[in-house]
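The structure appears right after this line, and notes come after that.
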Amino acid sequence: MDIDLGICDNCGENPATIQLTQLIGTNERNMCLCEECAAEQGVSISIDGIQLGDQAIHFSEDNFEEEFEALDQELHNTDLPSSKKQIRLPAPKQIEKVCNNCGTTFAEFRNTGILGCAECYGVFEDNLSSILTQTHGTDNYCGKNYRDQAETKEDINFLKKELKVAVKSEEFELAAIIRDKINHQKL
Amino acid sequence: MKELRSLSALPNWVNGSGIDNDVVISSTVSVSRNLAKYKFPDRCSAGEKREIYTTVSSAISHSDSCDKFTLYNFDKIEKLKQFLLIETRVIDTHMLASVGDRGVVCDKKQSSTVSINGLNHIQIRKSVPGFNPKNSWNWVDKCDNDLGAILDYSFDPKKGFLTSNPKIAGSALQCEFIVYLPALILTGTIDSVLSGASQMGISAQGLFGSLGEVPGSLFQLVSIAHIGSSEVDAISDVSEVIAKIIESERNARQALLSDAKFEISDKISRSYGILKYAKRLTFNELLNLSSALRFASLIDMNITTNPAYYNSLILKNMPARMEVRVGNQLSVQGQEIERAFFAKEWLKEININNIFDWQT
């Protein structure tokens with residue numbers, strides 16, 4: 001998700017593409033600037049590198065993150081006056097998770113706390129793991145075991161009887177489920 | 001009409017019997033399940049909801065646990081019947097608000113129920129009088145096994161039973177207790193007791209209204225089972241905490257009796273006076289005033305001690321039940337007048353002997 005920085009704080013005309021954060025003591029001052037106004041302040045960013053005052057850092061796309069870390073480190077180390085300029089770039093584009101089975105998005109889940117289907121548990125697994133651990137203390141199930149398929153001969157016989165009853169009473173949806181259970185037998 | 005009358009009959013859990021019935025009015029255990037084949041109810045189309053409703057109600061009719069139960073389809077029955085079922089807490093307001101085929105199957109006593117297409121496809125619930133969650137669990141467990149044998153539940157070996165709310169996934173087990181805690185409120189210790197319970201995973205709110213106001217000193221305590229426990233262990237753990245709350249309440253009652261007898265008898269006498277002579281009563285007033293008399297019965301004043309009288313007074317004066325009793329819908333003022341009239345008649349039944357002679 002791209003961050004929308006709005007209109008430039010300085011000229012009020014161009015769209016802002018650079019967010020400048022100034023740390024003055026413990027106060028933080030944010031400014032959103034267009035490229036021209038940022039350049040006037042001595043900051044410019046291009047695909048090749050960053051210009052900050054009379055310091056220039058060039059970087060390649062491959063090791064962007066490392067170079068950025070290095071730049072950040074340098075800023076901390078340099079002997080700058082009390083106002084320290086810090087560069088923040090817009091966050092990389094995030095792809096929002098969506099469950100393909102029911103269409104629930106992560107945003108919807110975050111707002112309502114409700115999932116749409118069983119597959120959501122797989123799609124949002126990472127996010128859920130912290131919820132489950134937080135609420136339950138662990139994420140390992142210790143409750144009653146469930147047999148979703150016929151496992152013994154008694155099971156099969158029982159299911160066959162139930163199937164007959166269901167068909168006779170024209171309970172076709174139920175009959176379909178029972179038939180599937182018989183067909184997926186573990187024997 | 002016959003169905004209205006039978007629906008407005010009082011449920012079993014109101015009858016005041018059961019263990020520790022001086023503090024715990026009822027215990028309820030429920031489990032939630034979903035069919036693997038379908039999305040959770042809020043995401044289903046009307047057609048899918050119909051299929052789920054038909055499938056589950058068919059499965060229920062095959063189960064011995066639900067013999068002679070009655071099925072109510074909320075998409076078809078009139079609003080008055082829906083409210084009658086809400087008043088006994090068989091279903092919650094989510095069922096009212098949602099659409100499509102949904103409903104509940106209940107026994108004659110409205111104590112053992114299976115709801116269909118609420119927040120999950122299936123919720124199996126049983127309420128019993130007094131403090132006895134194990135009793136509820138026995139039936140719920142059996143019914144769950146019956147239905148699970150012929151249906152195909154949504155289940156994951158590591159996560160357990162999958163529900164629309166991931167916070168209850170796992171055992172998907174919920175314990176609820178309706179409790180009466182007047183002494184803890186009067187002695188100002190209710191907050192610390194409930195905060196202790198909250199640390200142990202039990203949330204509390206007023207049975208009627210929010211936590212800020214607790215008319216009738218009636219609370220609903222709810223606990224959700226942890227994924228990391230078996231169902232039986234979870235119920236045991238919860239029971240321990242409830243037992244502590246019961247003990248605290250009884251100690252507080254003893255303390256009041258030894259330190260504040262005169263103040264209490266004054267409060268009780270005033271409540272009696274209003275109940276006897278008022279021409280109109282709001283529901284909250286009825287709760288608070290009758291609570292004073294219920295309290296009197298628990299501290300050996302000369303008054304009927306059977307909790308059933310106090311429980312039934314409350315239920316019978318909720319809007320839907322009043323409408324069935326009176327035969328037509330009442331305005332708010334009409335309800336208040338009817339309540340006051342009913343309370344006067346009720347006082348005659350509860351056998352108050354020389355309440356004013358109680359020695360301080």
Side-chain angles (χ1 to χ4, degrees), chain A residues 99 101-104 108-109 112-122 124-125 127-151 154-155 158-159 161-163 165-167 169-182 184, chain B residues 31 33-44 50-63 119-120 141 144-145 148-173 201 224-234:
Chain A
C99 173
N101 186 40
C102 66
T104 305
E108 281 173 320
F109 165 58
T112 62
I114 301 289
L115 296 170
C117 70
E119 295 201 17
C120 292
Y121 277 84
F124 304 121
E125 175 132 34
N127 316 97
L128 285 176
S129 149
S130 58
I131 292 178
L132 294 179
T133 317
Q134 219 171 23
T135 320
H136 301 283
T138 160
D139 58 1
N140 248 330
Y141 177 63
C142 300
K144 65 197 272 192
N145 191 23
Y146 176 58
R147 301 198 310 206
D148 52 3
Q149 294 156 12
E151 286 181 19
E154 283 98 46
D155 285 347
F158 170 74
L159 285 173
K161 240 188 342 189
E162 292 292 331
L163 179 58
V165 173
V167 169
S169 325
E170 296 182 12
E171 294 164 335
F172 297 123
E173 288 93 353
L174 178 63
I177 290 185
I178 299 175
R179 182 204 57 212
D180 288 343
K181 282 175 85 105
I182 295 173
H184 294 143
Chain B
V31 295
R33 302 284 185 252
N34 287 288
L35 302 181
K37 205 170 149 184
Y38 298 94
K39 305 175 211 118
F40 300 143
D42 283 350
R43 287 274 163 179
C44 284
R50 193 168 307 123
E51 282 176 28
I52 296 166
Y53 183 82
T54 316
T55 308
V56 176
S57 53
S58 304
I60 289 170
S61 69
H62 283 229
S63 161
L119 284 164
N120 295 288
D141 188 27
D144 180 38
N145 292 338
I150 52 176
L151 291 172
D152 188 22
Y153 286 158
S154 193
F155 177 79
D156 177 291
K158 283 204 80 183
K159 299 191 181 79
F161 294 96
L162 303 180
T163 51
S164 59
N165 184 348
K167 288 190 178 160
I168 73 166
S171 313
L173 172 85
I224 295 165
H226 293 187
I227 272 191
S229 304
S230 71
E231 285 83 358
V232 170
D233 286 343

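Protein chains get the first letters and strands the later ones, always in sequence-line order, with residue 1 at the start of each.
- No donor-acceptor distance shorter than 3.5 angstrom exists from the side chain of A/Glu171 to the backbone of B/Thr55, with no hydrogens or angles considered.
- Put simply, of B/Asn34, B/Asp233, B/Asp42, B/Leu151, the one with the most heavy-atom pairs under 4.5 Å next to chain A is B/Leu151.
- Using a 4.5 Å cut-off between heavy atoms, B/Pro157 touches chain A through its backbone atoms (N, CA, C, O) alone.
- When heavy atoms are compared at a cutoff of 4.5 Å, A/Phe158 approaches chain B solely by way of its side chain, counted from C-beta outward.
- Heavy atoms of A/Thr112 lying under 4.5 Å from chain B are absent altogether.
- Within the 4.5 angstrom heavy-atom criterion, only side-chain atoms of A/Glu108, from C-beta onward, approach chain B.
- Of the residues considered (A/Ala118, A/Ala176, A/Ala175), A/Ala118 shows the highest number of contacts with chain B, using heavy-atom pairs under 4.5 Å.
- Shortest non-hydrogen contact noted between B/Ile150 and A/Glu162 is CG2-CG, 3.7 Å.
- Between chain A and the residues B/Gly201, B/Ala234, B/Gly148, the largest count of heavy-atom pairs under 4.5 Å involves B/Gly148.
- Among B/Cys44, B/Ser58, B/Ala149, the residue with the largest count of heavy-atom pairs under 4.5 Å with chain A is B/Ser58.
- In terms of heavy atoms, B/Asn165 sits closest to A/Gly113 at OD1-O, 3.8 Å.
- Contact of B/Ser164 with chain A is made through backbone and side chain together, with heavy-atom distances under 4.5 Å.
- Using a 4.5 Å cut-off between heavy atoms, B/Ala36 makes no contact with chain A at all.
- Both the backbone and the side chain of A/Ala166 come within less than 4.5 Å of a heavy atom in chain B.
- Ring geometry, A/Tyr146 versus B/Phe155: the interplanar angle exceeds 60°, so the pair is classed perpendicular (tilted spans 30 to 60°).
- Considering every non-hydrogen atom in both A/Leu174 and B/Ala59, the closest pair reads CD2-N, 3.7 Å.
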task: Decide yes or no on salt bridge (Lys or Arg N to Asp or Glu O under 4.0 Å) for A/Glu173 and B/Lys37, but give the supporting numbers first.
output: CA-CA 11 Å; A/Glu173 288 93 353; B/Lys37 205 170 149 184; over 6 Å; no

query: Going through the distances and angles, do A/Lys144 and B/Asp141 end up as a side chain to side chain contact (heavy atoms under 4.5 Å, CB included)?
result: CA-CA 10 Å; A/Lys144 65 197 272 192; B/Asp141 188 27; 2.5 Å; yes

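- Between B/Lys39 and A/Gly116, the closest heavy-atom pair is CB-O, 3.5 Å.
- When heavy atoms are compared at a cutoff of 4.5 Å, A/Ile114 approaches chain B by way of both its backbone and its side chain.
- Heavy atoms of A/Phe109 lying under 4.5 Å from chain B belong exclusively to its side chain.
- B/Thr54 touches chain A through its side chain: at least one heavy atom from C-beta onward sits under 4.5 Å away, while N, CA, C and O do not.
- Nearest approach of A/Val165 to B/His62, heavy atoms of both residues: CG1-CE1, 3.7 Å.
- Atom OG1 of B/Thr163 sits about 4.0 Å away from atom OH of A/Tyr121, to the nearest 0.5 Å.
- Neither the backbone nor the side chain of B/Arg50 comes within contact range of chain A; no heavy atom of the residue lies under 4.5 Å from a heavy atom of that chain.
- With chain A as partner, the option from B/Leu35, B/Asn145, B/Leu119 having the largest number of non-hydrogen pairs under 4.5 angstrom is B/Asn145.
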